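Predicted, not measured: the structure shown is a model, and the values here were computed from it. Count residues from 1 along the sequence.
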Amino acid sequence: MKRRSLLFGLLPLLLLTGCQEITGTPEEFHWVLVEEGAYTLSDGTRVDRWEEEKFRFWRLYKLPDDGTELLREDAPAGPENVAVGGQLDFSSLSEPAQKEIMAYYEQRGLLYDIPAELEKAYAAYQRCQESGKEFSSFQVNQMISPCGANDTVCYYSTSVTTSYDVQMANELRLCDAFRRDTGEKIDTMDLFTISQEEAARWFADYYGKEAPMSAEMREAFQPEYVIFRSSGLEVMFPAGTLPSQESATGMYLAYEEAEDILQEWAVPDSPESD
């Protein structure tokens, strides 16, 4: 079989963040102040935290003086309350397995830092103030969703989206594997028949031995960057891990192309079989 690869630099996600012309009507939600001075920025500026009274799905971080919204945080979601069509439903796992998986994610916690996100948002706000443009809040969210499974293992992908510039955001994607019957975490490299060093070299070579990024990929490779999806393998290097690339960069390949380096039991069923 002729091997084909697709390398793509993820275009930064377009979000309503940064300096922009503001139009439209106010949002029809009832926001309540839940903590005054929830955070203090590096220059001493205090930021209040607000929440939507009824749903509590979102948190707003505002400047107390003029009510400027610096950051909007979507409440973290998954894996227990996120469903994906064609994928294993979390509720179909045994109760012990559910508890084990939930305990892992609770211990890992958030993969973003609110103070750091607020500092970025406030810096953008100040730039907009200096340039005479209006500011629209930055956004941050984290979601854990099922991405593949078979009778032995189930996979969950974590996606973290954070704003980084005017109307732009980065997405971090990671993958975790668990025993389907017990929920026990599986070391990602146990899914392979080769070592981590060999895997780093294999994926870099898959992209192209002569490509300038190959050496960077070998150096930056981490097992959790390999996402086991029902449709195939995705390897995503987050923004900042490859010196020559500004945005997240990765590759996609069919399982048939990687069968020599994967344990047979590690390959997910097709979506129709989940």
Side-chain angles (χ1 to χ4, degrees), residues 10-82 102 105-145 157-174 238-241 246-248:
L10 283 184
L11 292 178
L13 302 176
L14 178 64
L15 293 178
L16 296 179
T17 63
C19 310
Q20 61 172 357
E21 297 297 326
I22 308 299
T23 60
T25 59
E27 294 174 287
E28 297 179 353
F29 294 112
H30 184 208
W31 298 97
V32 293
L33 175 63
V34 294
E35 185 177 2
E36 293 184 1
Y39 292 97
T40 301
L41 302 180
S42 57
D43 69 350
T45 300
R46 293 166 65 82
V47 180
D48 297 336
R49 180 164 63 89
W50 295 65
E51 290 185 0
E52 205 288 320
E53 184 176 41
K54 182 178 180 180
F55 300 105
R56 303 280 174 162
F57 292 154
W58 305 282
R59 299 168 187 146
L60 302 183
Y61 298 89
K62 296 184 176 184
L63 297 177
D65 293 340
D66 59 7
T68 295
E69 178 186 321
L70 289 179
L71 178 69
R72 176 169 300 199
E73 178 188 18
D74 292 348
E80 79 285 5
N81 53 3
V82 174
M102 286 300 299
Y105 284 117
E106 287 172 3
Q107 182 178 17
R108 188 186 68 177
L110 295 177
L111 299 180
Y112 59 85
D113 180 60
I114 288 295
E117 298 306 314
L118 285 171
E119 293 286 356
K120 290 192 300 182
Y122 187 60
Y125 167 74
Q126 290 179 308
R127 291 194 298 270
C128 287
Q129 290 289 95
E130 294 171 358
S131 62
K133 297 181 180 179
E134 290 197 68
F135 171 79
S136 179
S137 67
F138 278 28
Q139 299 181 29
V140 61
N141 65 73
Q142 177 171 309
M143 178 178 290
I144 302 167
S145 56
S157 172
T158 300
S159 173
V160 181
T161 303
T162 56
S163 300
Y164 80 93
D165 202 349
V166 177
Q167 294 189 326
M168 309 299 275
N170 278 323
E171 183 180 21
L172 167 68
R173 301 182 194 171
L174 304 175
T241 58
E246 293 185 2
S247 60

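- Interatomic distance, E171 CD to S159 OG, rounded to the nearest 0.5 Å: 3.5 Å.
- In this model, no donor atom of one side chain and acceptor atom of the other lie less than 3.5 Å apart for Y61 and E117.
- In this structure, T162 and K120 have side chains that are in contact, with non-hydrogen atoms separated by less than 4.5 Å.
- Closest of all the heavy-atom pairs between M143 and V82 is CG-CG2, 4.1 Å.
- Expressed to the nearest 0.5 Å, how far CG of D48 lies from CD of E69 amounts to 12.5 Å.
- Counting only residues at least two apart or on different chains, the salt bridge (Lys or Arg N to Asp or Glu O under 4.0 Å) pairs with a member in residues 105-115 are R108-D176.
- T158 and Q142 are not linked by any side-chain donor-acceptor pair at a separation below 3.5 angstrom, with hydrogens and angles left out of the test.
- Nearest heavy-atom pair across P115 and Y39 is CG-CE2, 3.6 Å.
- Within the 4.5 Å cutoff, the side chain of L70 has heavy atoms near those of the L63 side chain.
- When side chains are defined from C-beta on, P76 counts as touching L110, because their heavy atoms get closer than 4.5 Å.
- For Q129, the side-chain contact (heavy atoms from CB on, under 4.5 Å) criterion is met by Y125, not counting sequence neighbours.
- A donor-acceptor pair under 3.5 Å links the side-chain atoms of S163 to the main chain of Q139, judged by distance alone.
- Screening K62, R72, R59 for a salt bridge (Lys or Arg N to Asp or Glu O under 4.0 Å) with E51, the sole residue that qualifies is R59.
- The two residues F138 and A124 make their nearest non-hydrogen contact at CZ-CB, 3.5 Å.
- D43 meets the side-chain contact (heavy atoms from CB on, under 4.5 Å) test with L41, T45, Y122, Q126; sequence neighbours excluded.
- The nearest pair of heavy atoms linking L33 to R49 is CD1-O, 3.5 Å.
- Taking 4.5 Å as the limit, every side-chain heavy atom of V47 sits out of range of all side-chain heavy atoms of L71.
- Pairing each heavy atom of W58 with each of D74, the nearest pair is CD1-OD1, 2.9 Å.
- Put simply, the side chain of M102 reaches to within 4.5 Å of the side chain of P79, judged on heavy atoms.
- Heavy atoms only, all atoms of each residue included: N141 and Y112 are closest at C-CE2, 4.3 Å.
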